[in-house]
Amino acid sequence: MKKITLSHGSGGRLMHELIKGLFIKNLDNPYLNKLGDSALIHAKNKDLAYTTDSFVISPIFFPGGDIGKLSVCGTVNDLCVSGANPRYLSCGMIVEEGFDYSDLERITLSIKQTCKKAGVYVVAGDFKVVEKGAADRIFINTSGIGELYDNARISSSRIRPGDKVIISGTIGDHGAAVLLAREELKFKSRISSDCACLNDLVSSIISSDVKFMRDPTRGGLATTLNEIAQEIGYNIGIDEKTLPVKESVMALCEILGLEPLYMANEGKVVLVVSSKSASRILSRIKKHDLGRGARIIGEIDREKGKKVYLKTKIGSSRILDMLIGEHLPRIC
Amino acid sequence: MKYIDEFRDNKIANNISRAIFDKARNLGPINLMEVCGTHTMSICKFGIRGMLPENINLISGPGCPVCVTPKSYLDKAIAISTLPDVVLTTFGDMMRVPGSRSSLEKEKSCGRSIKVVYSVLDAVEMAEKNSDKKIVFLGIGFETTSPTVAASLAYAKKKNLKNFFVYSGHKIIPPAMEILAKDPAVAIDGFLCPAHVSAIIGTGPYKIIAGKYRIPCVIAGFEPLDVLQGILMLIEQIGSNSSYVENQYKRVVKSSGNKKATALLDKVFSVEDSEWRGIGRLAKSGLRLSRDYSRFDALKAFSLPEVKTTPDKGCRCGSVLKGIKTPIECKLFSKKCTPQDPQGACMVSSEGACAAYHRYRR
Amino acid sequence: MCLAIPMKIERIEGDRALVSAGNIKRMAGINFLSNPKIGEYVIVHAGFAIEKIDPKKAKETLRLLEEIQ
């Protein structure tokens, strides 16, 4: 089986062959093909959004995706929830010596397919190989540039008491899928990551009524809601009964003593919208493939504060804190 | 989900809450101790305190096995993980518990071979598949968990496994309940008894608490309706000045317990005196591997380097575990001791009183 | 210290059984059960079925709960 060696990252012939034969061949676009030291792109008189993210997920292949797909979705999503149309990505890879070439190819094809579906280009890239043990198989960093939509006014400072909170679909799918894919827990299930690019969904709903958006990734929806509460200085009230959760994700959480609210999502967006526009925006989200499970899950309190309160299934109320430390399976 | 959703019905929950308000009205301050860590979690997760009248005080007891595991156990476990060819396997709950100098989580990030498992069976399988490694399982837990470890040891004996070991930190609950029932500083008016421990040990072991110490005991399940009904039953006993052992969790708990499980426990483990973090040494409260199984005992199989355990400074976990102090009354709470940087087990274990308090009640 | 959930027995293989809840499946030890049958619900803790759920008693408990006013 062909393996990646230190020579593939050394700048010599092997590396050039790899870049041409794997990356240029598959990620083919006029910007990348120039193979310049920088990609030259045009901004079209628009304000730009710029973001970066690094992906170190293990395992690198999981039901519903892989590190390649994730590295595109993660950055595309950070751009579109900021109110920008994602256009250009950079992709830097750090690969551990001995990594299977076939896995690298699989990941590259995944990046290709995800970019194509999202309508974005990888215009700049980098490839390094480190000694065995210096990296855990493969790490990927992607940065992205997007052009702000004309009608986007995404800012937490616009959020007011009475605004509604919407989630675009079921929570905890990605966290659950990755946890199961780690195999040590030995559960069998059909849970799949929700890893997906949200730019098409977001572009269909973007308007001045959408005051704020965020994608609830690591730390789960609970952590994201806490971030928002802390930014705006008002409490947020969430109704547990309205939270969309897949039955299998719920079951896994019950077994391991985890909560879907703290499990990662990679294909969901949480929105804060004006109260009067909430039903309309909800209907529009639900029309999209990625938004079928959308629900209005809560609202911004009149009370000043920085906390998130959960109305439980039995009608009582409790504080919903941020995730602290790692969400470890319990037996207790 | 079957047998879960039905026991989370909010209409019934509100009815029970109203009944508790009604029955507890003229009873003055009532202290109920929920012994089991899973009850603590359930009470917090479902906001049960908010459904009870002001005069009912729910105290978290020492039924959090992580909370009562002595620091020296952690220190020794960490020492075991440094031995060559050893893979330490543990339940997730133990990873962040602070020892004298480090924690399993910190050691793992330094490269020690430490793995979280969901079941002791997975540790046994690891031993079977990796004959070049010594798999040591950290046996923590009360009577719900110790039979599972006993079953694995019986299997290991049958298969003559040479590379599977258990470091037993198992404890049994009734002696802790008895010491609390005896302690004049701890004023408990009723015990909410553990659901699944009781499925194993039955109702018998609580009879002395109700009979000799005149404290009502109700075994309750973990779903919110179970907990609420259990509390209602305790209030009713207190209101009528009775004290006996009642079983709310009849769908799982038999009064005779699970005889197969207790028989296996008797075979594989022997009872010994044991150190409970924050409470002290309790007679006949811990389990060590019996003589027939001593070759699987990690403490006998490995010669450990000298391990010095530092005393807990300022930590009031002991008083919190006994219900004498609330988390807020510990000087370290939320200042030096936080979930991110826990000083004692009550904060690190997600079901510990302090962690639960910090998370759900600030 | 007893986190455990009700799971259904799908298949029995010696002293282990395939148990399921909400489409999650796992093998669990059934050494502690007397005469386990497929379709029965059991409480699963740390990879072992520690006791059966008695459906009659469950129904009875629910009935009593519903009667509380």
Side-chain angles (χ1 to χ4, degrees), chain B residues 1-4 6-7 9 12 15-16 18-19 36-39 41 63-66 91 93 117-122 140-145 147-149 151-152 154-155 173 194-200 221-222 225-226 228-229 232 248-254 258-261 264 351, chain C:
Chain B
M1 289 176 64
K2 197 162 167 66
Y3 295 120
I4 291 185
E6 311 92 300
F7 293 93
D9 182 286
I12 300 178
N15 288 345
I16 307 177
R18 263 200 297 278
C36 181
T38 308
H39 270 141
M41 280 308 276
C64 160
V66 171
F91 294 127
D93 317 61
V117 291
Y118 163 72
S119 168
V120 60
L121 287 177
D122 302 336
I140 294 293
F142 294 118
E143 294 95 317
T144 322
T145 315
T148 71
V149 179
S152 303
Y155 176 83
I173 285 217
H196 297 134
V197 163
S198 306
I200 302 295
F222 293 126
L225 295 194
D226 293 321
L228 285 166
Q229 188 179 31
L232 179 63
Q248 181 279 338
Y249 197 32
K250 291 196 163 83
R251 62 193 187 272
V252 172
V253 176
K254 303 202 269 287
N258 186 314
K259 293 248 152 79
K260 281 189 175 184
L264 195 56
E351 67 182 41
Chain C
M1 172 63 203
C2 328
L3 184 64
I5 76 155
M7 298 184 82
K8 190 164 119 177
I9 296 179
E10 302 277 359
R11 192 173 78 229
I12 296 177
E13 291 173 15
D15 63 356
R16 307 244 177 141
L18 184 68
V19 291
S20 73
N23 279 320
I24 302 281
K25 294 182 208 259
R26 212 203 119 103
M27 294 302 285
I30 50 172
N31 326 41
F32 307 126
L33 302 182
S34 301
N35 198 17
K37 293 190 196 67
I38 291 176
E40 285 185 322
Y41 277 82
V42 290
I43 293 286
V44 177
H45 168 78
F48 278 83
I50 58 161
E51 197 47 90
K52 288 188 193 181
I53 297 181
D54 184 326
K56 285 203 194 94
K57 297 225 164 93
K59 229 181 197 163
E60 176 65 19
T61 303
L62 278 167
R63 193 183 62 77
L64 288 170
L65 284 168
E66 276 157 11
E67 284 178 0
I68 297 175
Q69 285 307 321

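Every chain is numbered from 1, with letters handed out A, B, ... down the list of sequences. Every value quoted in this text rests on a predicted model; they were computed, and no experiment measured them. Only this structure's heavy atoms are used, side chains among them; waters, hydrogens and symmetry mates stay out.
In this structure, the portion of B:Asp122 lying under 4.5 Å from any heavy atom of chain C is its side chain and not its backbone.
The distance from the NE2 atom of B:His196 to the CG atom of C:Leu3 is 9.0 Å, given to the nearest 0.5 Å. Between the CD1 atom of C:Ile68 and the CG atom of B:Leu225 there is a distance of 8.5 Å, given to the nearest 0.5 Å. Put simply, CG on B:Asn258 and CD1 on C:Ile43 are 12.5 Å apart, with the number rounded to the nearest 0.5 Å. Distance check, rounded to the nearest 0.5 Å: NZ of C:Lys57 to NZ of B:Lys254 gives 8.0 Å. One finds the CD1 atom of B:Ile200 at 4.5 Å from the CD1 atom of C:Ile50 (value rounded to the nearest 0.5 Å). Expressed to the nearest 0.5 Å, how far CD1 of B:Ile12 lies from CD of C:Glu67 amounts to 10.5 Å.
Contact count against chain C (heavy-atom pairs under 4.5 Å) is highest for B:Leu121 among B:Asp226, B:Leu121, B:Asp9, B:Val120. Contact tally against chain C (heavy-atom pairs below 4.5 Å) for B:Ile16, B:Leu264, B:Val253: the top residue is B:Ile16. Comparing C:Asp54, C:Val42, C:Ile53 by how many heavy-atom pairs each has under 4.5 Å with chain B, the most go to C:Ile53. Ranked by heavy-atom pairs shorter than 4.5 Å toward chain C, the options B:Ile4, B:Ile173, B:Asn15 are led by B:Asn15. Of the listed residues B:Gly221, B:Ala199, B:Pro147, the one with more heavy-atom pairs under 4.5 angstrom with chain C than any other is B:Pro147. Your options are B:Glu6, B:Met1, B:Arg18, B:Gln229, and the one with the most heavy-atom pairs under 4.5 Å with chain C is B:Gln229.
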> Do C:Thr61 and B:Gln248 pass the side-chain contact (heavy atoms from CB on, under 4.5 Å) test, and can you show the C-alpha distance, the side-chain angles, and the key distance before you say yes or no?
Replying inline: CA-CA 8 Å; C:Thr61 303; B:Gln248 181 279 338; 4.0 Å; yes
> Are B:Tyr155 and C:Asp15 close enough, and set up right, to give a side-chain contact (heavy atoms from CB on, under 4.5 Å), and what steps lead you there?
Replying inline: CA-CA 11 Å; B:Tyr155 176 83; C:Asp15 63 356; 5.5 Å; no
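Side-chain polar atoms of C:His45 and B:Thr145 form a donor-acceptor pair below 3.5 angstrom.
A salt bridge does not link B:Arg251 to C:Glu60: none of the charged nitrogens lies less than 4.0 Å from a carboxylate oxygen.
Contact detail for B:Ala151 and C:Phe32: the closest heavy-atom pair is CB-CZ, 3.9 Å. The shortest non-hydrogen separation linking C:Pro6 to B:Tyr3 is CG-CB, 3.7 Å. Across C:Phe48 and B:Ser152, no two heavy atoms sit closer than the pair CZ-OG, 4.2 Å.
Under a 3.5 Å cut-off, the side chain of B:Lys260 and the backbone N or O of C:Leu33 do form a donor-acceptor pair.
Looking at heavy atoms from C-beta onward, B:Ser119 lies in side-chain contact with C:Arg26 at the 4.5 angstrom threshold.
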